[in-house]
Amino acid sequence: MDHGKKKDTPLKAAGVMKNKCSRRSFLKGVSIAAAAGSAGLVTGGCGSTASSEEMGLKWEEFFKKNYRLMTQEEKDATVTRLERLAKLQRGLDVQMSTQEPINDVLYGYAFNITRCKGYMDCVEACVQENNLDRQSKTQYIRIFEMDTGQLDPTSGDGKYFHEVPVEDKFYMGVQCYHCENAPCIQACPTKATWREPDGIVVVDYDWCIGCRYCMAACPYWGRRFNWGEPVVPKEEINTKQHYLGNRMRMKGVMEKCTFCIQRTRQGKLPACVDSCPTGSRVFGNLLDPDSEIRFVLKNKKVFRFKEELGTDPKFWYFMD
Amino acid sequence: MKILTLRFTFFLLPAVMLLSSQLAIASQDSVMERIQAADLPFDNTQVESTHQLSEKTVLVKESYQGGAFRVLARKDSISRYRCSVCHTKKIPPVNDGALITHGDITINHGEGKNELACIECHDPKDRDFLVDMQGQKIDFDHSYQLCGQCHFRPKRDWLGGAHGKRVTYWAGERVVMNCTSCHDPHSPAFKTKMPETYSLPLDE
Amino acid sequence: MTTNPKKGLVVFISDCIRWSLSGGVAFKIYLAVLLAMIGAGVYAYGHQFREGLIITGMSNIVSWGLYISNFTFFVGVAAAAVMLILPAYVYKDKDFHEVVIIGECVAVGALVMCLLFITVDMGGPLKVWHMIPGIGLFNWPSSILTWDVLVLNGYLALNSLVPLYILYSYYNEREPVGWKYMPFVFLSIFWAVSIHMVTAFLYQGLPARPFWNNPLLGPRFLASAFAAGPAVIMMVLIAIKETTKYPIDTTIFFKLKRIIVVSAIINLVMLFSEVFKEFYAFTHHSLSAQYLFFGLDGHDSLVPWIWTAISLNILGTLLFAFAPKKSNSSYLMVAGVSLFTGIWIEKGFGLIIPGLVPSPMGEVVDYAPSSNEILITLGVLAVGILVVTLLIKPALVILLKYKEGRLQPETASS
């Protein structure tokens with residue numbers, strides 16, 4: 001594989017050291033060959049059962065740009081390819097959107113730790129809405145059962161499974177907080193993760209190289225990695241998808257809560273907010289002074305987790 | 001000469017790193033700064049995808065910080081509304097008395113000796129309405145006016161959005177759940193139950 | 001130049017290949033063992049490439065494991081070549097001058113291992129072209145990983161091209177021209193320090209991980225690198241002394257020993273400083289250290305490892321510090337292995353795993369590498385050893401021949 005090239009290149013390169021043009025073209029040739037070889041590996045990895053159309057689509061997908069650099073035509077083209085691949089590979093008709101952020105919107109979120117009873121409807125709704133891997137039971141939301149008298153989730157239990165609520169315990173949900181000063185965005189070497197103008201921190205799954213540096217950088221355990229190929233039963237796949245949101249991911253890439261970008265950019269609440277039976281979750285536009293989230297920030301005593309780290313999260317906790 | 005080059009390069013690297021990281025941070029406002037600067041109302045009509053809800057709603061008689069809003073109607077979900085069909089001036093004739101005379105309702109509202117009586121909320125003179133402490137009639141669709149008498153703090157929060165839940169949309173016209181969407185008025189506390197799902201231990 | 005460069009280079013490379021592969025039965029067996037380990041590693045990697053990283057023992061909590069641990073350690077070994085370069089070129093120490101190329105070969109081998117460890121750790125290695133500026137996006141200067149990519153590849157270039165030039169000159173029976181390579185030598189001295197500081201900054205710059213986020217991590221990396229690296233080089237020199245005709249003066253060992261002792265003692269002082277900070281006033285930030293040294297919530301898989309590491313570290317330091325003047329090779333080898341192993345554990349998975357446990361939300365898990373992970377790691381280690389062997393062998397031949405004043409390209413190797 002690659003290490004063979006690394007051994008030869010320094011020795012060979014010395015011979016062309018004097019001739020800058022040929023070295024540049026040589027390296028360019030090597031990198032193109034490597035990329036072509038990799039693309040060949042990618043398409044060859046389909047196995048013999050893949051059709052040539054599928055291989056062709058995968059080939060084109062391999063060479064595409066980072067989403068932020070794409071023109072609208074290129075975005076439409078990749079969506080068409082991905083929808084076609086979903087049809088070929090899974091027999092599904094998906095509608096994938098590349099909807100832009102709404103102007104003058106900055107999403108904010110508040111969580112009422114008095115009201116949460118630990119029912120975990122939110123966790124399950126998120127899994128269903130966002131096509132999370134059922135095999136590894138990936139969950140973007142984690143609910144901690146906390147002892148009273150302490151506020152740090154490090155003293156909570158995230159693995160409970162008994163009748164809730166338990167007396168003398170309270171419940172606190174954590175997920176990606178979509179920080180304005182996110183350390184994960186700073187850490188990513190390929191700019192595969194960024195903050196959209198409406199405040200959502202997103203991942204371009206096809207661009208991510210899987211180094212997991214962002215995961216080490218996140219102080220809130222907000223990011224998940226696809227260690228294996230994610231598996232969702234066909235009948236449970238949510239076909240209303242967004243390119244940056246709940247489309248089917250692949251192994252070796254990061255993913256995270258996207259505030260249900262496929263829903264919120266259509267004016268809908270995220271699945272967790274919508275499914276909460278106790279109304280503990282509040283979501284809205286921080287730039288709208290009349291919104292519910294602004295009411296909470298103004299009238300309730302709110303706090304943010306690990307605020308001293310300077311991450312400026314857009315997720316607050318409050319009590320009744 | 002050698003030492004000078006070394007010294008120069010030793011200081012150059014940390015200086016470049018420091019400067020570049022400062023540049024990255026300095027250019028953005030914090031969330032609170034952006035919030036404080038945002039005082040113009042948001043034009044909800046620009047979000048085109050919010051659709052009319054399928055459930056019936058009524059205009060709330062009070063307003064919130066953004067003006068008027070709507071609440072889910074209640075009367076359609078009451079199976080035997082109108083109550084005055086049975087509850088006329090005469091004692092209603094019933095064939096399956098035990099079933100129909102609300103024998104299935106247990107009052108678990110108010111603790112111990114403070115348990116609420118039926119007529120504290122239901123108007124004894126007109127069963128189609130609820131009644132408040134001043135004797136004023138309250139429509140079932142506007143039950144928040146009744147609950148809000150005692151539960152005035154949650155009601156204030158409900159008006160503003162810190163209590164209760166919006167229906168489906170965060171944008172567009174505000175429609176919220178009414179009190180009885182979540183709380184059974186006769187037994188309003190949430191029950192204990194098993195969680196919808198569980199989380200795996202993280203080293204599996 | 002008297003010879004035709006193009007022809008000379010091809011002959012040079014073919015001679016080097018010939019010299020690197022020739023040897024007795026023992027050498028061939030040694031090569032075969034290494035190739036077998038590499039083969040097993042490639043097979044296991046094929047498995048990982050198809051299934052994904054799920055076949056390793058890593059999880060969403062311990063998201064970096066054996067691969068990154070070894071990467072961290074071997075960057076230090078690579079940086080330690082500077083400890084030979086500095087005395088050889090700046091202080092013009094004659095003894096070090098004899099062996100500096102061997103140190104650079106070890107550095108190249110270590111760097112190849114580091115680049116391979118990163119490659120096998122990535123979820124999408126085929127997409128690495130996404131980092132190339134121009135055709136991809138390179139998040140420089142924000143991401144410390146991009147700095148690391150630059151400095152590691154730059155150091156690899158420096159440490160392969162400079163010795164290549166020197167050896168090629170010797171091969172053509174010429175003194176290498178000073179101004180052509182000396183600036184790069186000075187650059188590589190500074191660069192060696194920077195590769196290890198930048199690698200340390202990868203971890204040090206994360207406030208999410210309080211175990212790593214302390215100012216001492218960078219200097220600590222340097223101290224442990226300058227103890228473990230020269231120990232590796234010393235072991236390589238001993239191996240060369242025992243198995244080849246290349247003359248190595250024992251004063252070299254004495255001088256290396258001094259460097260090792262000073263660095264190892266500074267490393268221990270820094271270890272004490274870290275332990276004090278963690279345990280004197282115990283905060284939630286000290287939970288990682290508690291997990292490492294004493295176990296946490298019943299999870300204590302790293303405890304025997306760290307205490308072994310510290311014992312080996314102290315043992316190695318003492319053995320080196322109190323080594324008799326005329327210490328023989330076995331003694332130095334034992335001391336070197338002890339110190340190397342101790343630092344390998346403590347700076348490898350004794351640093352990476354506790355940094356990730358408990359999770360930022362306080363959950364404690366254990367980590368154990370899977371058999372696939374271990375096979376791949378051994379394969380990469382074997383690649384490194386192979387690279388070092390295949391570089392040192394022709395280098396020694398060329399150096400010997402140059403010293404003996406005669407060099408005929410057609411002569412059979414030593």
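First the proteins, then the strands, lettered A, B, ... as listed; each starts at 1.
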Considering only distance and modelled atom types, tabulate donor-acceptor pairs under 3.5 Å from the side chains of residues 269-278 of chain A, sequence neighbours left out.
| from | atom 1 | to | atom 2 | distance (Å) |
| --- | --- | --- | --- | --- |
| A:D274 | OD2 | A:R263 | NH2 | 3.3 |
| A:S275 | OG | A:A271 | O | 2.9 |
| A:S275 | OG | A:C272 | O | 3.2 |
| A:T278 | OG1 | A:R115 | O | 3.4 |
| A:T278 | OG1 | A:S280 | OG | 2.6 |

**Complete:** Note: vs chain B, highest number of non-hydrogen pairs under 4.5 angstrom among A:V282, A:T264, A:N112, A:N299 is A:T264

**Asked** Going by an N to O cut-off under 4.0 Å, is there a salt bridge joining B:K193 and A:D121?
**Response** yes

**Request:** Test salt bridge (Lys or Arg N to Asp or Glu O under 4.0 Å) on A:E292 and B:R166 and set out the steps.
**Result:** CA-CA 9 Å; A:E292 291 95 336; B:R166 247 177 111 141; 3.3 Å; yes

**Message:** Checking B:D139 now: which residues fulfil side chain to side chain donor-acceptor pair (under 3.5 Å) with it, not counting sequence neighbours?
**Reply:** B:K75

**Prompt:** Roughly how far, to the nearest 0.5 Å, is CD of B:E196 from SG of A:C122?
**Reply:** 10.0 Å

**Message:** Can you confirm whether more than 12 heavy atoms, excluding those of A:E236, are under 6.0 Å from its CD atom?
**Reply:** yes

Distance-only donor-acceptor pairs under 3.5 Å for side chains of residues 168-176 of chain A, two or more places apart:
| from | atom 1 | to | atom 2 | distance (Å) |
| --- | --- | --- | --- | --- |
| A:K169 | NZ | A:D147 | OD1 | 2.7 |
| A:Y171 | OH | A:E145 | OE2 | 2.7 |
| A:Y171 | OH | A:V166 | N | 3.0 |
| A:Q175 | OE1 | A:R281 | NH1 | 2.9 |

**Contacting moiety of A:W221, where chain B heavy atoms sit under 4.5 Å** = side chain

**Complete:** Note: vs chain A, highest number of non-hydrogen pairs under 4.5 angstrom among B:G67, B:G172, B:A171 is B:A171

**Item:** Spacing of NZ belonging to A:K117 relative to NZ belonging to B:K191, to within rounding of 0.5 Å
**Value:** 11.5 Å

**Message:** Heavy atom to heavy atom, less than 4.5 Å: which residues from residues 145-159 of chain B reach chain A?
**Reply:** B:R156, B:D157

**Prompt:** What's the spacing between B:S199 OG and A:Q139 CD if we round to 0.5 Å?
**Reply:** 4.0 Å

**Item:** Atom pair CG/CZ of A:L286 and B:F42 - distance to nearest 0.5 Å
**Value:** 11.5 Å

**Request:** Go through the atoms of A:L297 and report whether side chain, backbone, both or neither lie under 4.5 Å from a heavy atom of chain B.
**Result:** side chain

**Asked** Can you tell me if CD on A:E308 sees more than 12 non-hydrogen neighbours from other groups inside 6.0 Å?
**Response** yes

**Message:** If I compare all heavy atoms of B:P195 with all of A:V164, which pair ends up nearest, and what's the gap?
**Reply:** CG-CG2, 4.1 Å

**Pick from A:P289, A:C179, A:G108, A:G279 with the largest number of heavy-atom pairs that fall under 4.5 Å of chain B** = A:P289

**Request:** Name the member of A:P165, A:G284, A:A125 that forms the most heavy-atom pairs with chain B at distances under 4.5 Å.
**Result:** A:P165

**Asked** What are the two closest heavy atoms between A:K137 and B:Y198, and how far apart are they?
**Response** CE-O, 3.3 Å

**Item:** Under 3.5 Å: donor-acceptor pair, side chain of A:D312, backbone of B:V31
**Value:** yes

**Fill in**
Output for pair (A:I141 CD1, B:T197 OG1), nearest 0.5 Å, gives 11.0 Å

**Prompt:** So which of A:R294, A:K298, A:K300 has the biggest tally of heavy-atom pairs under 4.5 Å with chain B?
**Reply:** A:R294

**Part of A:I143 lying under 4.5 Å from any heavy atom of chain B** = neither

**Distance in Å, A:D320 CG paired with B:H163 NE2, rounded so as to fall on 0.5 Å steps** = 7.0 Å

**Prompt:** Among B:W170, B:Y64, B:Y169, which has the most heavy-atom pairs under 4.5 Å with chain A?
**Reply:** B:W170

